[in-house]
Undergrad: 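Once you've had a glance at the structure underneath, I'll fire off some questions.
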Amino acid sequence: MKRVLLGHAAIATLMAVAACNGGDKGATADSASGSEPQVTSGAATGTASTSGARIAVAHAGPPGEWQMPAGDYASSRYSELASITPQNAANLHVSWAFSTGVLRGHEGQPLVVGNTMYVVTPYPNVSYAIDLAQTGQPLKWKFRPDNSQQAIGRACCDVVNRGATYADGRIFYNLLDGHTVAIDAVTGNQVWRTKMGDLSRGETITMAPIVVKGKVIVGSSGGEMGVRGWIAALDAATGKEVWRAYNIGPDKDVKVGPKFKPFYAHDRGKDLGATSWPGDTWKTGGGAVWGWLSYDPALNLIYHGTSNPGPWNENQRTGDNKWTASILARDADTGEMVWALQVTPHDMWDYDAVNENILVDLPIKGQMRKVLVHFDRNGFAYTIDRATGEILLAEPFVPMNWSTGIDMATGRPNVVETKKTAQDKNVKDICPSLEGGKNQQPAAFSPQTGLFYVPTNNLCMDFQARAVTYIAGTPFIGGNAPEKGGPGGYRGEFIAWDATTGKKIWGIKEPYPVWGGALATAGGVVFYGTLDGWFKAVDARSGKVLWQFKVGSGVVGNPVTYTGPDGKQYVAIYAGIGGDMGLLIAGDVAANLPYDVRERGTTLPDIARWTSWGGELFVFSL
C-alpha cells in the first residue's frame, strides 16, 4: 500500500482504517532510556561475521559522495567512510542544520555530489542545492516545480517524497502529482518534465527513481485508489518514455514473453496477471511500485516489488491476484519480466512487497550465492537467488501469527485459517499489522559483519473487510484495520540479521515503530533514527548504542554519509515525522492546524508528548 489520498472523504476513510482500540500502554517512555541492546536470539552478541560476504554492485561515484538513493544499485546503504568509529562516536555533534520550509513527512534522503548537497521536500516537492564549500552552507539554487494541489487529496499516507537521484549532471525526481522532472544540477533549471501518472484516477508518485543505462526508472503509487500499477523507463536526456510495463493484466501489458522463466511451477502459465483475478477486476487491482528499486548490471535486471491488491476486501477478488504483493525481475533494456515471486498470494492483509531488495553475494550452505535479501511487510525475511527467483531461506524477523512458515517446495506461505479475513467478519489480533514487519524504512548491509541492519515494527491489528464500489480517483479500500502494539511491550525494534541462517543477532527495542532507514559504515558504526525524534549511532557488531541526539521531530527518513570539503566525514538525516506514522495513526503531532477537527490516531496516542511535525536537515560530524 502506499496509500495515497487525503481529501475530506479520504481522511475520514483512512482515519477509520488506522484508528486503534488501544495501543500498548507499557511502552510510553522516551526511547532515550532504552540505550542498551537486548539480545533476542540464540546467537551471541558481537560474534557474527559472514565470511566472504560482499555487495553485488560498487558504490555510485567516489566513496565520499552519495549520488543515488541507497548509495549504490545494490540498495546496500553502506559507505566505505571509516572516520567515525565505536571509539569516537560519542564525540559526534551538530555541525550545521537547514530548515526545508515544509511540515510533513520527510522520508527519503539528501544527495551529495562534489561539494553540493541536494534536498527534495515533501509536497510541494521543492528542491534545494546547498553549497557545502562555504561557511553557513548557502543555497546555490532553489527550484519550485509546478505541482497540482489536487495531488494532496489523492495522497493516502501523507505527501511524502522518497528522494532524488543524480546522473550525468542532472537531478531526477518525481512530483506528487504524477510528473517526473530533470533539473540541471549546476543551474537549477528544469531540463524536462514528463507526465507519468493520471491524477484523476488516483495515481501519484512518491518513490525515488534510479537511472540505469541512460534511462530513468519510475513507478506509481495509489494501491488504495484502484489504480493499475506500473513501472516505466524514460530517456534521461529527453524525458521521452522508452517502455512501460504494467504489473497486472494480460502478458502483453505485463511484458511477459520468452524471457519469463519463474522458478515455481504455479507461476508459469499464460496471462496469469489477468486470469488469477475474477473477470476484469485486475483493471482496478493495485500492484503499484511506490518502493525502492535495485539493479544488477551483470544480469541486466531491475528488481522491484509491487503493492497490495485492491480492494482490501478479498471476497471481491478471488484467486492469487498476480502480480500484486510480488518481487519482480525485469530486463533493464525492455522492461520484459524475467522472473517473478509472489510472496503473499491473494494478499488479504495489505502486505505490500515494495520494500527494498538488497543485492549481495553470501555463502549459503557452503556455496557462494548471488542473492537478493528482502524483508517483507508480511514479516518474513527472504534470501533469494537473484538470477532465478528461488527462495533459499525464509524466516520470520518480527513477531507474527498469520502464517506458520514458507513451503520451500512452492515458495508459498502456509496461512493460519483463523487469521484469514473475509467480508463482514472481524478477525482479531493479526500480527503483523498492515504496516508490516517492516514498511518503507530501508535496511542496510555491512560486508564487514555480513549482517543486515533492519528497522522494524511490532504492531498487530483487527481486520474487518466490507464491500466497496470502485469510483475513479476515490479510495477503493473495503476494510477497517485498527492497530495496536504487538507482543512484548514494545512497538519497534532495530535488529541485526544474518541472512545466511535466518537468525536475529541482536536487537534494540524501541517504544515506537522504527520508521526511519539505516546506514552502515566501514567505521563499524550503524545509524538510525526513531519516531520520537532520536538519532542514534550503534556499534555494528555488538548493538551497543554509542551516541544519540534529539533532533526534535520524529525521524522517518534515511541517513547518508559523505566527505566534506574539509576532508571530514559527515552524517546527514532529515527530521520530520509523517507518512503513515505521523499522519494516520499518531496522536496530536500537528500544531499548525488550529481548526483541524480530524479524529486523532490512537495507535500511538502518546507520541505527541515527544514530537511534532517538522522539517529539518541535521548534519553531524566529530
Side-chain angles (χ1 to χ4, degrees), residues 1-3 223 247 264 266-267 286-292 303-310 312 314 317 320-328 340-358 372-384 389 391-408 410-421 427 429-443 452 454-463 465 479 481 483 486-487 492-493 495 497 499 502 504 513 580:
M1 126 191 110
K2 196 58 216 163
R3 327 166 173 112
N247 300 314
Y264 297 100
H266 60 82
D267 289 330
V289 185
W290 58 265
W292 307 99
Y303 302 93
H304 70 90
T306 60
S307 80
N308 60 287
W312 291 0
E314 61 90 24
R317 45 168 180 82
D320 274 358
N321 310 136
K322 298 182 184 303
W323 297 99
T324 63
S326 300
I327 301 169
L328 307 181
L341 173 64
Q342 190 173 37
V343 289
T344 311
H346 189 59
D347 169 35
M348 58 182 75
W349 308 274
D350 192 31
Y351 291 157
D352 304 39
V354 299
N355 294 349
E356 69 284 352
N357 298 296
I358 305 175
L372 172 160
V373 176
H374 174 90
F375 298 89
D376 198 72
R377 284 266 281 277
N378 69 15
F380 285 103
Y382 294 84
T383 303
I384 300 167
I391 298 174
L392 306 177
L393 185 150
E395 294 290 341
F397 66 98
V398 293
M400 67 144 69
N401 62 16
W402 72 276
S403 170
T404 58
I406 303 299
D407 183 334
M408 298 300 285
T410 65
R412 298 171 73 95
N414 300 312
V415 179
V416 175
E417 287 294 323
T418 57
K419 300 303 179 183
K420 288 184 176 180
T421 68
V427 182
D429 300 319
I430 302 170
C431 308
S433 78
L434 53 79
E435 304 297 351
K438 193 180 82 61
N439 202 282
Q440 62 83 32
Q441 61 271 40
F452 295 80
V454 192
T456 73
N457 312 318
N458 182 27
L459 299 174
C460 300
M461 65 180 173
D462 301 335
F463 197 109
E483 303 177 60
E493 187 176 17
I495 69 172
W497 182 265
K504 181 165 57 177
D580 279 9

Undergrad: So Val427 and Lys420, do their side chains get closer than 4.5 Å, heavy atoms only?
TA: no
Undergrad: When you compare the side chain of Ser326 with that of Pro345, does any pair of heavy atoms fall below 4.5 Å?
TA: no
Undergrad: Is there a donor-acceptor pair under 3.5 Å between the side chain of Arg412 and the backbone N or O of Gln342?
TA: no
Undergrad: Closest heavy-atom contact between Asp429 and Lys419?
TA: O-NZ, 3.0 Å
Undergrad: Excluding sequence neighbours, so at least two apart, what forms side-chain hydrogen bond (donor to acceptor under 3.5 Å, both in side chains) with Tyr382?
TA: Asn378
Undergrad: Quick one: list whatever passes salt bridge (charged side-chain N to carboxylate O under 4.0 Å, His left out) with Lys322, sequence neighbours left out.
TA: Asp267, Asp320
Undergrad: Search all heavy atoms of Asp350 against all heavy atoms of Arg377 and return the closest pair with its distance.
TA: O-NH2, 2.9 Å
Undergrad: Which atom pair, heavy atoms only, marks the closest approach of Val343 to Ala353?
TA: CG2-CB, 3.8 Å
Undergrad: So do Leu434 and Trp312 actually touch side chain to side chain, heavy atoms under 4.5 Å?
TA: yes
Undergrad: So, the side chain of Trp292 versus the backbone of Gln440: is there a donor-acceptor pair under 3.5 Å, distance only?
TA: yes
Undergrad: Donor-acceptor check, side chain of Ser433 to backbone of Glu435, threshold 3.5 angstrom: yes or no?
TA: yes
Undergrad: Tell me the closest heavy-atom pair linking Thr324 and Pro309, and the distance in Å.
TA: OG1-CB, 3.5 Å
Undergrad: Parallel under 30°, tilted from 30 to 60°, perpendicular over 60°: which one fits the rings of Phe380 and Trp402?
TA: perpendicular
Undergrad: Quick check against the 3.5 Å criterion: does Asn439 have a side-chain atom that pairs as donor or acceptor with the backbone of Gln441?
TA: no
Undergrad: Hey, does Ile391 have a side-chain heavy atom less than 4.5 Å from the side chain of Leu341?
TA: yes
Undergrad: Between the side chain of Asn247 and the main-chain N/O of Thr306, is any donor-acceptor distance below 3.5 Å?
TA: no
Undergrad: Can you find a pair of side-chain heavy atoms, one from Met348 and one from Phe463, that are under 4.5 Å apart?
TA: no
Undergrad: Looking at every non-hydrogen atom in both residues, tell me the closest pair between Pro432 and Gly436 and how far apart they are.
TA: CB-C, 3.8 Å
Undergrad: Rounded at 0.5 Å granularity, tell me how far CH2 in Trp349 sits from OG in Ser403.
TA: 8.0 Å
Undergrad: Does any N or O in the side chain of Asn357 come within less than 3.5 Å of the main-chain N or O of Ile327, such that one atom is a donor and the other an acceptor?
TA: no
Undergrad: Please determine whether side-chain contact (heavy atoms from CB on, under 4.5 Å) holds for the pair Val398 and Lys438, giving the CA-CA distance in whole Å, both sets of side-chain angles, and the decisive distance to 0.1 Å.
TA: CA-CA 9 Å; Val398 293; Lys438 193 180 82 61; over 6 Å; no
Undergrad: What pair of heavy atoms forms the shortest contact from Gly286 to Ser307, and how long is it?
TA: C-OG, 4.3 Å
Undergrad: When you compare the side chain of Ile430 with that of Thr421, does any pair of heavy atoms fall below 4.5 Å?
TA: yes
Undergrad: Hey, can you tell me if Phe397 and Phe375 have their rings parallel, tilted or perpendicular (30° and 60° cut-offs)?
TA: perpendicular
Undergrad: Are the side chains of Glu395 and Thr383 in contact, using a 4.5 Å heavy-atom criterion?
TA: no
Undergrad: Who pairs with Asp407 by salt bridge (charged side-chain N to carboxylate O under 4.0 Å, His left out), at least two apart in sequence or on another chain?
TA: none
